[in-house]
Amino acid sequence: MGKKVFIVSSSPRKGGNSDLLADEFARGAREAGHSVRKINICDIKLSFCLGCLYCQSHNRCIQKDDMNELYSLIQHSNVLVFATPIYYYEMCGQLKTFLDRLYPLMPRENDFKTIYVLATASDESKDAMRTVVEGIKGWTDCYDANIAGALYGEATDIGDIKNTDAPRKAYLLGRSI
Ligand SMILES: Cc1cc2nc3c(=O)[nH]c(=O)nc-3n(C[C@H](O)[C@H](O)[C@H](O)COP(=O)(O)O)c2cc1C
């Protein structure tokens, strides 16, 4: 049976390198028969977590931005994919803010157990994504989920990733889930 896949693309550059990897992953996963939903963080209204813990007793966030309508969708997804540009050898702030805001899912039973990470940076070494994976592992450990795959793409200017084999790898990764 097809899985429910939820892709979070976090770059402020829509059509940028990590976003292209997210699209290729989505294409592969759809071709393999899964249902895929993708959001770009730059399209939604997203505020910082207030740390108020209101969510721990109400199962939703006290803030009125676009997050409350996403919780149920994410909770009932089987696979989550986080695509990020690497900023200072970490995930970008947009993705970190998004992960912080998933705290309402903390006390609940979630369907997602499998996580994929797609990251792009200028650095020629895949080592550039080490802290990104570690950072996301900090999040997955709290949700009893596992990082099943992490793909790195080397590119700097918007769209340059098309000149590498990373989009093909992202497509194949999406097909393989
Ligand atoms: C604020 C900022 C910080 C960055 N830090 C790094 C870095 O630490 N290492 C690196 O190799 N590239 C760094 N880059 C380059 C981006 O990671 C690279 O351009 C990437 O392909 C952008 O992905 P995107 O097109 O998905 O936004 C940085 C870019 C920005 C804007």
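These numbers come from a predicted model, not from an experiment. Start at 1 and go down the list; that is how both ligands and their atoms are numbered. Each residue takes its place number in the sequence, starting with 1. All values below come from the heavy atoms of this structure, side chains included, with hydrogens, waters and symmetry mates left out.
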I'd like the residue list for ligand 1, meaning every protein residue with a non-hydrogen atom under 4.0 Å from the ligand. S11, R13, G16, N17, S18, P85, I86, Y87, Y88, Y89, T120, A121, S122, D123, A155, T156
So side-chain hydrogen bond (donor to acceptor under 3.5 Å, both in side chains) across residues 141-157, not counting sequence neighbours, yields S122-T156, K137-D141
Check this for me: does any side-chain nitrogen of one of D111 and K3 sit under 4.0 Å from a carboxylate oxygen of the other? no
Would you please name every residue forming a ring pair (Phe, Tyr, Trp, His ring centres under 6.0 Å) with Y54, sequence neighbours left out? H58
So ring-ring contact (aromatic ring centres under 6.0 Å, His included) across residues 77-105, not counting sequence neighbours, yields F82-W139
Any side-chain donor-acceptor pair under 3.5 Å between D19 and S11? no
Are the side chains of F25 and K38 in touch, meaning some heavy atoms are under 4.5 Å apart? no
